[in-house]
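Okay, structure first, notes after.
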Number of protein chains: 2
Amino acid sequence: MEKNPLEEAILAAFEGMSAQLQAAARYILDHPRDIALLSMREQARQAGLQPATMTRLAKHLGFDGYEDIRSLYRAAVRGHAPNFAGRVREQAQHQKLKGDQFLAGEMLMTFGRQAALLAEPDSLACIADASTRISAARDVYCLGLRSSHAVAWHLHYILSLIGKRSTLLDGIGGTGADPIGRAGPQDVLVAVSVLPYTRAAIEIADYARARGVCLVAITDSPVAPLAQSADMAVIIPTDSPSFFHSMVPAFAAAESIGALVAGHGGDGTLSALREFDERLAALGTHLTSRTVRKTP
Amino acid sequence: MEKNPLEEAILAAFEGMSAQLQAAARYILDHPRDIALLSMREQARQAGLQPATMTRLAKHLGFDGYEDIRSLYRAAVRGHAPNFAGRVREQAQHQKLKGDQFLAGEMLMTFGRQAALLAEPDSLACIADASTRISAARDVYCLGLRSSHAVAWHLHYILSLIGKRSTLLDGIGGTGADPIGRAGPQDVLVAVSVLPYTRAAIEIADYARARGVCLVAITDSPVAPLAQSADMAVIIPTDSPSFFHSMVPAFAAAESIGALVAGHGGDGTLSALREFDERLAALGTHLTSRTVRKTP
DNA sequence: GAGTTATTGCAACACATGTTTCATTATGAT
DNA sequence: ATCATAATGAAACATGTGTTGCAATAACTC
């Protein structure tokens, strides 16, 4: 059944309602989405009721007016969260989380919603398309500047791990764009860029495109500069309750793409991972114990 | 991304639009659900545009008015399935989603669940505690190697943005641990490390602890090496349907911590952000146009 | 630089909105 | 049957809505 914020409240008060109020309440229970979408008068029309009845029901349920009910239902449609979000909200309210923890909770719930958006079929198709292009490429170049750097780096790291020839265009020592000079039509450039778009990223992407490199964009809108010139784009949300645009969705998309490319590799990936492990073991890179060491 | 009935029509007409029309079009593409839920004037307010612009865009796209567009988007929301996660599963079953998209969908749903775990009160308390310690610190050192690098880098980036004295211990040029030699009890080291734990990260963390530096760990278990020696630890999940342990939860935690530190800053943060903007503007780092550039 | 066209902001307009009030009707208790 | 209370429909009201037209500004062409 659909999300219905007032279901319990209405069921609890239903018996004590008059006929008209019950009819209005029934309409709300049966059409939660229309409560969000239609005006109160249009709802009353569709329910065959007087507009005043809707307002009266709202007051009967303890609200100031019907606009409060519509607002609640709009939030439900807008939130469109999986069940865990509702649970976290209730918990937050009951425990009276304050300040820091409230904001952090809001941010994390936003990340959850964003992950859900990315899990929708058209986004999944884009992620799969991107991974297919990367798997087919001779070389992969990963580009992300400023807030996008972490995303590009992460994808580069995963691809390197699985033996894919990946190059990070990160500008260290002023050499950022040099490697792209070797790229051609058999290669892929994965460029990450969100508002505010960095000029250098766009220019490098244009240059690569001019060389016939396949451009895969991870960006925040279909009309963003990168998306318009890309061969394909993975569109990610960046909205956040905080001042900072969130890079978590882009990071999640990049990790998903990297994992899919790994899955394409078959025996080659397995052997690359094995070589990696042996190399790191020889260099003593990782602790062999998973847990506590004695304090030195 | 969400259902967007006019995506193709907008993309096709985008280049021929004026600046204001493009901004309105972008708002529609980026907020399809709000198109259904909010009045045209409220949308214009949120987009920072004139109401007449919304009507003009509608006419530009061949409609009689903006109400036609809203009606289209309401229909899209009305047709939307109730439970997106359930819908993806059903669709997968009915349409026999191919391997890539199924795995990507599973990963993204895992990220959503992990976000929910991090949104629970004990995790939120740790995130808040970490942010409080960082805010109180004279200097902050961010450390994350290999797969943890992106997380450390992201936190470092946010802290730098808001004017916090942050240093990334990244080992470039073999100088990774050098800056920690200047650290003392007034400083914080944020170290990120998950299985397989890198030896260098643990050793640097130990060194810092020996110097009295407050150690904040972002790691995958309360009994991980880092957590055991840290002053406090943010425990993040890393499980993933893919071969690769996921760094998305750690990334989300780091971003949340950074945002909370920003919120502690008050006027200092605002002026730091302003200086940052001015510096970047002076250097021409970002594109001034949010949307398409003419094809070069 | 001048002229033309396109764009834009603003104000006015007709109409819709949600709420409140009043008069009428219905219901319940005695 | 009578009376008091609750419920109901309709109208009035203040405010918001989407659209249109006008004047000013910007952009483009010659």
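Side chains included, hydrogens not; waters and symmetry mates left out as well; all remaining heavy atoms used. Chain letters run A, B, ... following the sequence lines, proteins first and then strands; every chain starts at 1.
- Here the C1' atom of nucleotide D/dT17 and the CG atom of B/Leu37 are 17 Å apart, to the nearest Å.
- Remark: A/Ser18 is not in phosphate contact with D/dA6, judged by side-chain N or O atoms under 4.0 Å from OP1 or OP2.
- The distance between atom CD of A/Gln22 and atom P of D/dT8, rounded to the nearest whole Å, is 10 Å.
- As judged by a 4.0 angstrom heavy-atom cut-off over every strand, A/Ala52 is placed among the base-contacting residues.
- For A/Lys59, no side-chain nitrogen or oxygen approaches OP1 or OP2 of C/dT19 to under 4.0 Å.
- In this structure, A/Arg211 contributes its side chain and A/Pro185 its backbone to no donor-acceptor pair below 3.5 Å.
- When the P atom of D/dA6 is taken as reference, atom CG of A/Leu21 falls 13 Å away, rounded to whole Å.
- For the pair B/Arg41 and D/dT15, the criterion of a side-chain N or O lying under 4.0 Å from OP1 or OP2 is not met.
- For the pair B/Gln20 and A/Asp68, both in contact range of DNA chain C, the more 5′-proximal nearest nucleotide belongs to B/Gln20.
- C/dA14 atom C1' lies 15 Å from atom CD of B/Glu67, rounded to whole Å.
- Residue B/Thr55 places none of its side-chain N or O atoms closer than 4.0 Å to OP1 or OP2 of D/dT20.
- Contact annotation: side chain of B/Arg45 to base of D/dG16, donor-acceptor pair absent below 3.5 Å.
- Straight-line distance from the CG atom of A/Leu57 to the P atom of D/dG9: 14 Å, rounded to whole Å.
- Between B/Ser39 and the phosphate of D/dG16, there is no side-chain N or O to OP1/OP2 separation shorter than 4.0 Å.
- Rounded to whole Å, the distance from CZ on B/Arg56 to P on C/dT7 is 10 Å.
- Distance CD (B/Gln50) to P (C/dC10): 5 Å, rounded to an integer number of Å.
- Taking side-chain N and O atoms only, A/Arg70 has a distance below 4.0 Å to OP1 or OP2 of C/dG18.
- The local environment of CZ in A/Arg26 is sparse, with at most 12 non-hydrogen atoms from other residues, nucleotides or ligands closer than 6.0 Å.
- For the helix from C/dG1-D/dC30 to C/dT30-D/dA1, the rotation axes defined at the first and last 5 base pairs enclose an angle of 30°, given to the nearest 10°.
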